[in-house]
Amino acid sequence: MRTMVVMMTLLASSAALAQTTTAPSKPPMIGDRPLVQVKPRGEATARNGANNPAGKPSIAAQLQGCLEIEDGSKERLDCYDAIYPPKPKTPKPGAKQKPAKAVSDCRLTKEEDERLACYNGFAQALPKPPKT
């Protein structure tokens with residue numbers, strides 16, 4: 001039993017001595033290449049200054065991209081519908097439809113012309129993104 005205690009003490013002390021407390025001067029290498037370290041997702045998005053992982057354009061940029069398609073065309077409506085898939089509500093009899101407060105509310109409009117006009121209003125009101 002004593003030998004077990006002595007062996008455990010010896011192993012624990014040698015492991016403690018083997019650890020270094022100073023940071024290495026050069027990054028760790030594997031062969032002749034530096035070791036790649038992956039950063040957590042939160043740091044990557046904060047560093048880019050955007051909330052769009054994997055380089056996906058923002059919704060505002062996608063909506064402005066749809067403005068390049070001919071106005072009043074089915075293709076422009078399809079472009080908007082690809083961003084916000086339509087979910088038309090069935091209106092109650094005698095109820096008036098409320099105006100959209102956000103661009104996502106446009107997808108609740110059943111009539112295609114009204115939905116296109118709603119999307120156009122929000123997309124044209126967006127500020128132009130800076131050129132990068």
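One is the number of the first residue; the rest follow in order along the sequence.
- Judged by distance alone, with hydrogens and angles left aside, the side-chain atoms of E114 form no donor-acceptor pair with the main-chain N or O of T109 at under 3.5 Å.
- Within the model, atoms CG of D113 and SG of C118 stand 12.5 Å from one another, a figure rounded to the nearest 0.5 Å.
- Not one N or O on the side chain of R115 forms a donor-acceptor pair closer than 3.5 Å with the backbone of R107.
- Between K74 and L116 the shortest side-chain heavy-atom distance does not fall below 4.5 Å.
- The shortest distance between side-chain heavy atoms of I69 and Y80 does not fall below 4.5 Å.
- No more than 12 heavy atoms of other residues, nucleotides or ligands lie within 6.0 Å of CD in E70, so this atom counts as exposed by the packing criterion.
- Rounding to the nearest 0.5 angstrom, the gap separating the CG atom in L67 from the CG atom in N120 is 6.5 Å.
- Distance NZ/K87 to CG/L108: 8.5 Å, rounded to 0.5 Å.
- Atom OH of Y84 is separated from atom CD1 of I59 by 3.5 Å, given to the nearest 0.5 angstrom.
- Counting heavy atoms from C-beta outward, F122 and L63 have side chains that stay 4.5 Å or more apart.
- Here T3 contributes atom OG1 and M8 contributes atom CE; the two are 12.0 Å apart, rounded to the nearest 0.5 Å.
- A donor-acceptor contact shorter than 3.5 Å is absent between the side chain of Q62 and the backbone of C79.
- The CG atom of D78 lies 9.5 Å from the SG atom of C66; values are rounded to the nearest 0.5 Å.
- Taking all atoms of both residues into account, the shortest heavy-atom contact from A100 to D105 is CB-CB, 3.6 Å.
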